[in-house]
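Chain naming here is simple, since letters A, B, ... match the order of the sequence lines and numbering starts at 1 in each.
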Amino acid sequence: MLRLFNSLTRQKEEFIPIEPGKVRMYVCGMTVYDYCHLGHARVLVVFDVIVRHLRNLGFEVTYVRNITDIDDKIIARAAENGESINELTKRFIAAMHEDADALGVLRPDFEPRATESMDDILGMIQTLIDKGYAYQGSNGDVYYSVSRFDGYGRLSGKRLEDLRSGARIAVDEVKRDPLDFVLWKAAKPGEPNWPAPWCAGRPGWHIECSAMSVDCLGPHFDIHGGGMDLQFPHHENEIAQSEAATGEHFVNYWIHNGFVEVNEEKMSKSLGNFFTVREILKSYRPEEIRYFILSSHYRSPLNYSDENLNQARGALQRLYTALRDVEIPTGDASTVPSYEDRFVAAMNDDFNTPEALAVLFDLARAVNRAREQADDATPQLAATVKMLAGRLGLLQEDPESYLRGRVIQEGPDDETIEALVKRRQEARASKDWAEADRVRDQLSRMGIELEDGADGTRWRRI
RNA sequence: GGCUGGGUGGCAGAGUGGUUAUGCAGCGGCCUGCAAAGCCGUGGACCUCGGUUCGACUCCGGGCCCAGCCUCCA
């Protein structure tokens, strides 16, 4: 039985799909005006793992992750660069796909874009106006009237009067209530715009997600996800828009992932303390980043540091080392049920990936032990490691080539290393230990570690 | 100020009302020409003060501290 933490009720609940055997899920994706940073990577990886787990449980999942390709920042950045918004967003959508692919994130089933969903957006705004939930201001903008919607604040645990008394809400003459938010923004001269019954303009940020999710998944679906910072106001506003427009309950389960932090502080664009995925990929391998993200629970903070990435590196080396030299049976290989049960139980408990990884380490020990004892169970144990790790999108590479792999382009090539290893082998054969150790030190300085085994010496980059 | 969430061993990070998390690091041993990898063993923790309980790190209450949201943000 799958239990997940629902932000709406702030407790773990049993997951019961609307339609038996099927899950409809929407996750807020990126605004594409810059490269993905680690915070974006976390959303991508966390929900990728959630989708994989749901599918492993046998659910038929429809996964939608949108792209916001029109908003103020995109307009501003395009103007800065002297390019069109289409050129800008095209580049960063491609970059996002590259990063996601590198991290082993499976593509969503649908990836709608705001600019391609104008009809749905306009239709929903019109419905909201017709039903009296929205109004046009004197400046042409269309606003959502927050006080008209009864449940406003339920998701974020906020009361309207608290929000109103907050000093951080700017006074705006055009709005009837300072809490009202914009659905349609009138275009200023020179700004990109789309025709609309009210005035040419562009959608506000929140309406696109309401329109696209309802369009792709219907008015009522199972799971809606995103970063914790979207809980308010973005998701709160989505609920208000969607439920007012459709008259139906919008989403059953809300899932929000925690932040990536740097020195105990949220990683964000505004603080400027962010690291892009492609920057980190210069020093670490994609799988190391993925492991690092999964090494803490998705709702906990994830502290970015070299030390923690290095720990991820070491952990993967241990797991891959356990898989080395084991003939893993292909096809529907028999696996070891007790470990699989533990793994599934961990994932069923609100997607507890650290616990699931612990199962992998217990298995790795079992593999190593079995191998030492020449136990026939070794291949089954190894197959179980690989199969379960695969559900997290990990450990699918060939172990030997993974361990020999490199991150940075500098350093000796394989031929150079092989030659030195051979030279050392010869020294060892003639028991010239001084020479053998000298060569090993030389390789060690190049970042190569050696392992002498019964059937020769093997090496790996560290 | 309002509202969330959290404080676990040297570090990272799960979990549980009484039993080894796990990984890295440490210590002892096995293995090794020496190492590495691996295996075996081992030390080390639950912010603080009260309460409930036969028993609390785990439940309840107060306090202290941290992060986040209340403004664009994943």
Participant: Kindly compute the distance separating OG1 (A/Thr89) from CD (A/Glu83), expressed to the nearest 0.5 Å.
Facilitator: 9.0 Å

Participant: Report yes if the distance between the aromatic ring centroids of A/Phe181 and A/Tyr143 is under 6.0 Å, otherwise no.
Facilitator: no

Participant: Can you name the residues that form a salt bridge (charged side-chain N to carboxylate O under 4.0 Å, His left out) with A/Glu191, not counting sequence neighbours?
Facilitator: A/Arg202

Participant: Taking the basic N atoms (NZ, or NE/NH1/NH2) and the acidic carboxylate oxygens, is any pair closer than 4.0 Å for A/Lys158 and A/Glu236?
Facilitator: no

Participant: Between A/Ser295 and B/rU22, does any side-chain N or O lie under 4.0 Å from OP1 or OP2?
Facilitator: no

Participant: Given atom CD of A/Glu264 and atom C1' of B/rG13, what is their separation to the nearest angstrom?
Facilitator: 14 Å

Participant: Using whole Å, report how far CZ of A/Phe351 lies from C1' of B/rG15.
Facilitator: 18 Å

Participant: Can you pull out the residues from residues 430-440 of chain A that lie within a 4.0 Å heavy-atom distance of RNA chain B?
Facilitator: A/Trp433, A/Asp437, A/Arg440

Participant: When you check the phosphate oxygens OP1 and OP2 of B/rU4, does a side-chain N or O of A/Lys158 lie under 4.0 Å from one of them?
Facilitator: no

Participant: To the nearest Å, give me how far apart CZ (A/Arg159) and C1' (B/rC70) are.
Facilitator: 13 Å

Participant: Centroid-to-centroid, A/Phe110 to A/Tyr63, below 6.0 Å?
Facilitator: no

Participant: Would you mind reading off the distance between A/Glu261 atom CD and B/rG68 atom P, rounded to a whole angstrom?
Facilitator: 6 Å

Participant: Protein-nucleotides 24-28 of chain B N/O pairs closer than 3.5 Å?
Facilitator:
none

Participant: Once you apply a heavy-atom cut-off of 4.0 Å, does A/Phe232 come out as touching a base, just sugar-phosphate, or nothing?
Facilitator: sugar-phosphate

Participant: Reckon A/Gly39 touches a base, only the sugar-phosphate, or nothing at all at heavy-atom distances under 4.0 Å?
Facilitator: base

Participant: If you take atom types as modelled and just measure distance, does the side chain of A/Arg424 reach the base of B/rG33 with a donor-acceptor pair under 3.5 Å?
Facilitator: yes

Participant: Is it true that the side chains of A/Thr62 and A/Asp109 contain a donor and an acceptor less than 3.5 Å apart?
Facilitator: no

Participant: In residues 447-462 of chain A, which ones come under 4.0 Å of RNA chain B, going by heavy atoms?
Facilitator: A/Glu449, A/Leu450, A/Glu451, A/Asp452, A/Arg460

Participant: Say you draw a straight line from CG of A/Leu381 to CD1 of A/Ile328; how long is it, rounded to the nearest 0.5 Å?
Facilitator: 10.5 Å

Participant: For A/Arg91 and A/Asn81, run side chain to side chain contact (heavy atoms under 4.5 Å, CB included): C-alpha distance rounded to whole Å, both residues' side-chain angles, the deciding distance at 0.1 Å, then the answer.
Facilitator: CA-CA 12 Å; A/Arg91 269 193 301 128; A/Asn81 293 353; 3.7 Å; yes

Participant: Sort out the partner of B/rA67 for me: Watson-Crick or G-U wobble, both distances under 3.5 Å, none otherwise.
Facilitator: B/rU4

Participant: Starting at NE2 of A/His297 and ending at P of B/rU8, how long is that distance when rounded to a whole Å?
Facilitator: 17 Å

Participant: Would you kindly say whether A/Ser210 and A/Ser242 are connected by a side-chain donor-acceptor distance under 3.5 Å?
Facilitator: yes

Participant: Do the side-chain N or O atoms of A/Arg369 get closer than 4.0 angstrom to the phosphate oxygens (OP1, OP2) of B/rC40?
Facilitator: yes

Participant: Name the pairing partner of B/rA37, where a pair is Watson-Crick or G-U wobble with both distances under 3.5 Å, or state none.
Facilitator: none

Participant: If you compare every side-chain N and O of A/Asn352 against the phosphate oxygens of B/rG15 (OP1, OP2), does one of them come in below 4.0 Å?
Facilitator: yes

Participant: Using side chain to side chain contact (heavy atoms under 4.5 Å, CB included) as the criterion, list what pairs up with A/Glu397, not counting sequence neighbours.
Facilitator: A/Glu287, A/Tyr320, A/Tyr402

Participant: With sequence neighbours left out, what residues match A/Arg290 under side-chain hydrogen bond (donor to acceptor under 3.5 Å, both in side chains)?
Facilitator: A/Asp48

Participant: Can you measure A/Tyr26 atom OH to B/rA74 atom P for me and round it to whole angstrom units?
Facilitator: 13 Å

Participant: Distance under 6.0 Å and angle within 45° of the ring axis: does A/Arg299 meet both against A/Phe5?
Facilitator: yes

Participant: Which whole-number value in Å describes the distance from A/Asn66 CG to B/rA74 C1'?
Facilitator: 11 Å

Participant: Who does B/rU22 pair with, Watson-Crick or G-U, both distances under 3.5 Å?
Facilitator: B/rA12

Participant: Going by purine N1 to pyrimidine N3 plus the second Watson-Crick contact, or the G-U wobble pair, all under 3.5 Å, which nucleotide sits opposite B/rC59?
Facilitator: B/rG51

Participant: Are A/Lys269 and A/Tyr33 side-chain neighbours, meaning at least one heavy-atom pair lies under 4.5 Å?
Facilitator: yes

